[in-house]
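Residue numbers start from 1 in every chain, and the chains themselves are labelled A, B, ... in the order their sequence lines are given, proteins ahead of strands.
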Amino acid sequence: RKEVEQDPGPFNVPEGATVAFNCTYSNSASQSFFWYRQDCRKEPKLLMSVYSSGNEDGRFTAQLNRASQYISLLIRDSKLSDSATYLCVVNYNNDMRFGAGTRLTVKP
Amino acid sequence: DTEVTQTPKHLVMGMTNKKSLKCEQHMGHRAMYWYKQKAKKPPELMFVYSYEKLSINESVPSRFSPECPNSSLLNLHLHALQPEDSALYLCASSQVKGEFQPQHFGDGTRLSIL
């Protein structure tokens with residue numbers, strides 16, 4: 001079983017759509033959680049950290065469910081510029097594990 | 001602009017060559033990482049340095065040799081690589097302790113082995 005599992009997609013959505021990604025992790029002692037975005041042939045860039053109480057940053061909402069060991073990312077009002085691969089990352093003692101990434105394409 | 005600087009951006013080398021990848025950060029981070037990323041795959045952790053000491057080695061072949069000369073620098077020495085080692089090599093840094101300490105990535109070295 002992979003340590004971090006993520007639906008690879010692809011997700012193809014029209015502009016303005018709401019899209020949600022989920023990610024599950026196997027290590028119940030994991031300490032912190034993040035969503036990164038990676039554009040083609042670029043490095044991963046932090047999108048947002050995921051807090052236990054859930055957190056929102058503009059059109060992006062992240063949630064954590066420790067009991068079920070999953071994290072989610074919701075993108076509202078999708079823009080063309082949101083097209084990218086979204087990676088969930090789970091940390092335990094600086095051992096960062098990446099999900100496989102979910103490819104999102106937002107179409108006009 | 002990334003706060004983690006990697007050089008070179010691109011590297012082509014033969015299987016008998018010896019080369020080094022370099023990574024530098026000046027954010028005061030005391031954890032530094034090497035990742036390997038193949039096309040359409042997520043980054044795979046190779047090594048973690050914490051306070052300049054190797055803390056995680058993910059069973060990486062000995063033809064990859066990391067070095068952390070000081071708190072700002074991280075090197076990856078390459079020798080006798082194989083064609084399957086061609087990939088994007090990413091360096092990252094973070095604080096060591098504390099919750100919600102994300103990694104900051106360099107823009108990578110694209111390595112091709114002939």
Side-chain angles (χ1 to χ4, degrees), chain A residues 2-10 21 23-25 27 29-55 57 60 62 64 66 71 73 84-105, chain B residues 1-6 9-10 23 25 27 29-59 68 74 87-112:
Chain A
K2 291 182 184 175
E3 293 186 46
V4 182
E5 300 223 36
Q6 194 178 350
D7 180 352
F21 307 137
C23 177
T24 58
Y25 59 95
N27 183 357
S30 297
Q31 298 153 323
S32 51
F33 310 86
F34 308 94
W35 283 101
Y36 278 76
R37 141 184 200 142
Q38 188 170 26
D39 293 286
C40 189
R41 301 182 70 81
K42 297 283 191 179
E43 77 277 17
K45 290 188 187 289
L46 179 68
L47 182 64
M48 57 199 302
S49 301
V50 187
Y51 303 134
S52 297
S53 54
N55 48 300
D57 182 2
F60 300 86
L64 167 65
R66 283 192 184 269
I71 63 175
L73 176 69
T85 296
Y86 290 83
L87 298 151
C88 68
V89 181
V90 176
N91 173 42
Y92 175 71
N93 285 349
N94 294 117
D95 186 349
M96 299 279 201
R97 297 291 164 166
F98 282 73
T102 300
R103 175 77 196 146
L104 172 67
T105 301
Chain B
D1 285 343
T2 180
E3 296 169 308
V4 178
T5 304
Q6 286 187 246
K9 297 275 188 275
H10 302 275
C23 175
Q25 56 87 17
M27 294 179 282
H29 291 165
R30 301 299 295 276
M32 296 186 76
Y33 311 76
W34 280 115
Y35 287 87
K36 173 183 177 180
Q37 187 174 25
K38 302 284 273 185
K40 299 187 190 300
K41 297 287 187 182
E44 292 177 26
L45 186 64
M46 299 175 72
F47 302 104
V48 181
Y49 274 82
S50 180
Y51 298 111
E52 296 85 68
K53 291 191 182 343
L54 184 63
S55 59
I56 296 175
N57 177 341
E58 288 292 326
S59 303
C68 190
L74 184 67
L88 178 67
Y89 287 85
L90 292 160
C91 172
S93 70
S94 73
Q95 299 287 1
V96 173
K97 294 187 186 296
E99 276 192 278
F100 313 116
Q101 297 294 348
Q103 293 179 323
H104 298 258
F105 283 84
D107 52 13
T109 293
R110 200 161 293 279
L111 177 66
S112 297

Inset, instruction - Compare all side-chain heavy atoms of Arg41(A) with those of Arg110(B) and state whether any distance is below 4.5 angstrom. - result: yes
Inset, instruction - Test Glu43(A) against every option in Leu88(B), Asp107(B), Val4(B) by the side-chain contact (heavy atoms from CB on, under 4.5 Å) rule and name the one that passes. - result: Asp107(B)
Legend entry - Exceeds 12 heavy-atom contacts within 6.0 angstrom, atom NZ of Lys41(B): no
Legend entry - Heavy-atom side-chain proximity of Asn94(A) to Ile56(B) below 4.5 angstrom: no
Inset, instruction - Please check if any side-chain donor atom of Gln37(B) sits under 3.5 Å from a side-chain acceptor atom of Gln38(A), or the reverse. - result: yes
Legend entry - Option in Ser50(B), Gly108(B), Pro43(B), Ala39(B) with maximal non-hydrogen atom pairs under 4.5 Å from chain A: Pro43(B)
Legend entry - Side-chain heavy atoms of Gln103(B) within contact of Phe34(A), under 4.5 Å: no
Inset, instruction - Nearest 0.5 Å please: distance from the CG atom of Asp95(A) over to the CD atom of Glu58(B). - result: 5.5 Å
Inset, instruction - Side chain from CB out, backbone as N, CA, C, O: work out which of these in Arg97(A) comes under 4.5 Å of a heavy atom of chain B, or both, or neither. - result: side chain
Inset, instruction - First locate atom CZ of Phe98(A), then atom OH of Tyr35(B), and finally report the distance between them rounded to the nearest 0.5 Å. - result: 4.5 Å
Inset, instruction - For residues Pro44(A) and Leu90(B), determine if any side-chain heavy atom of one lies less than 4.5 Å from a side-chain heavy atom of the other. - result: yes
Legend entry - Tyr92(A) atom OH: more than 12 heavy-atom contacts under 6.0 Å: no
Legend entry - Atom NZ of Lys53(B): over 12 foreign heavy atoms under 6.0 Å: no
